[in-house]
Structures are given as structure tokens and as C-alpha cells.
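These notes concern the structure reproduced below.
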Amino acid sequence: GQQVMQIPQYQHVQEGEDFTTYCNSSTTLSNIQWYKQRPGGHPVFLIQLVKSGEVKKQKRLTFQFGEAKKNSSLHITATQTTDVGTYFCAGQGYQKVTFGIGTKLQVIP
Amino acid sequence: GAGVSQSPRYKVAKRGQDVALRCDPISGHVSLFWYQQALGQGPEFLTYFQNEAQLDKSGLPSDRFFAERPEGSVSTLKIQRTQQEDSAVYLCASSLVRRERLEQYFGPGTRLTVT
């Protein structure tokens, strides 16, 4: 079945440093989505990537979808304490969406 | 408008009890998903509805789990004869359309504790 691996599982950064999380799927995806979950909260949709090689930016966040549509990354430039949370990728196959384990980001002020 | 709502927010059940978890999706959303999220893990897919049709229930862990969405709106996830391993947060998500545009909007979840 479809598997989505995400690394690293944990990341501690000093405020102002950059952060990247990577997502790899065992199968080609039709699209990939990224979500953020704050401690005690629920996943909140950030963005969806559909096209091979697609790059999207949201302020300090840059999302990439690989050429083979099997991997993706989220990069945060100059982290802030408000970026704290767990970032999940979710790869969509035919109909099912498979979530990665998430990367828990801690930002040290 | 209102987001996805779930009730109850917290449920404590004794092992062997039946529970029913409710999800009210965003009005007009066609797709509805149920996930199980254990502590420190990502959401694990349970089942998917498109309107009232349950198109995928491959993630339901056992025949003790049953979900329905009879009128294509509100959905209920029922767990019979709860076991301790059922303890988790159960998340419901809805989406406006289907397939390629499945950005999902999550509810706050129901935290189920089986004692």
C-alpha cells in the first residue's frame, strides 16, 4: 500500500534559523498537501501541490513538489516562535490521503 | 461560516462499552473523512464518504468500527465493545469537492479514552 515517510521527526532550531522537512512517498502521487498542527490542536490545511516540479510560497514558507511527484519539502526561512507545531505532509493516491508521521518543530527564542 | 464540528470533544468509556462519535462537516462539503490519531503520530485514515456513499473503509481496524453518513451530511463513527487500544483522538475532516482537490478541513477531534 501507499506509504509516506517524513523526516526529521523532531527539529529544534534557534529563532531566526531556517527549517526544512522532507516527505517521500512509495508511490506516485496525484497531489500532496501540507498541514500544521499546533500543540493540542487539529491539523490546519496550509497548501496543496499538484503539478510536477511545482513550487509555491506563502510568506516565509516555500513548498516544493518533486519532478516524479513522489517527494516534497517544506522550507521555513527565519523561523519565529509562532512557527512552533507539527508539520504533516499528506500524499493523495487514487482517493486515499496518507499522512506522514509529521515533523515536530520547536523554536528556541 | 462555521467549520467542522465534532462531539463529544472528550469521551471516557469503560472497556467493552459502545461509543458513537459525531461529525458535522462544513455545509455543502461533498467529501468526509475519519482519521484516528494516536499520540505523537500522524492521522491514520479510517474511512471516506462522498456524499452518503462510503467509498473507502479500508482503514477501519476491525469490524467493531462502523461509520455512516445517511443523508450525505452529518456522519457518525461507532465503535463497539471498545478496547484500550482504541484510545486515540478521532478526527473528522471535510472537503468541498472530490479527488484531485481534496484539501481537507479538520474538526477539533474527539479524544477517546478507554479505561
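We use all heavy atoms of the structure for the numbers below, so side chains are in, but hydrogens, waters and symmetry mates are not. Sequence lines set the chain letters: A, B, ... in the order given, protein chains first and strands last, and positions in each chain run from 1.
In the hydrophobic cluster analysis, where Ile, Leu, Val, Met, Phe, Trp and Tyr join through side-chain heavy atoms closer than 4.5 angstrom, B:L77 is grouped apart from B:V89. Residues A:V13 and A:I76 share a hydrophobic cluster, clusters being chains of Ile/Leu/Val/Met/Phe/Trp/Tyr side chains in contact below 4.5 Å. B:L60 and B:L112 fall within a single hydrophobic cluster, where Ile, Leu, Val, Met, Phe, Trp and Tyr side chains are chained together by heavy-atom contacts under 4.5 Å. In terms of hydrophobic clustering, with Ile, Leu, Val, Met, Phe, Trp and Tyr side chains grouped at heavy-atom distances under 4.5 Å, A:F63 and A:I32 are assigned to a common cluster. B:V4 and B:L91 are assigned to two separate hydrophobic clusters, defined by single-linkage of ILVMFWY side chains at heavy-atom distances under 4.5 Å.
No donor-acceptor pair closer than 3.5 Å links the side chain of B:Y48 to the backbone N or O of A:V97.
Neither the backbone nor the side chain of A:Q6 comes within less than 4.5 Å of any heavy atom in chain B. Only the side chain of B:Q37 comes within contact range of chain A, judged by heavy atoms closer than 4.5 Å.
Applying the salt bridge (charged side-chain N to carboxylate O under 4.0 Å, His left out) definition to pairs two or more places apart or across chains, none involves residues 11-40 of chain A. Note on residues 72-84 of chain A: pairs passing salt bridge (charged side-chain N to carboxylate O under 4.0 Å, His left out), not counting sequence neighbours, are A:R60-A:D83.
Looking at every heavy atom in both residues, A:F88 comes nearest to B:P43 through CE2-CD, 4.0 Å.
Interface with chain B: from residues 101-109 of chain A, residues A:I101 qualify, criterion being any non-hydrogen pair under 4.5 Å.
Aromatic ring pairs are classed by plane angle as parallel below 30°, tilted from 30° to 60° and perpendicular above 60°; the pair B:Y35 and A:F99 is perpendicular.
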Which donor-acceptor pairs under 3.5 Å do side chains of residues 19-29 of chain B form with protein atoms, sequence neighbours excluded?
unit_1, atom_1, unit_2, atom_2, d
B:R22, NE, B:D24, OD1, 2.7
B:R22, NH2, B:D24, OD1, 3.4
B:R22, NH2, B:D24, OD2, 3.1
B:H29, ND1, B:S94, OG, 2.7
B:H29, ND1, B:S95, N, 3.3

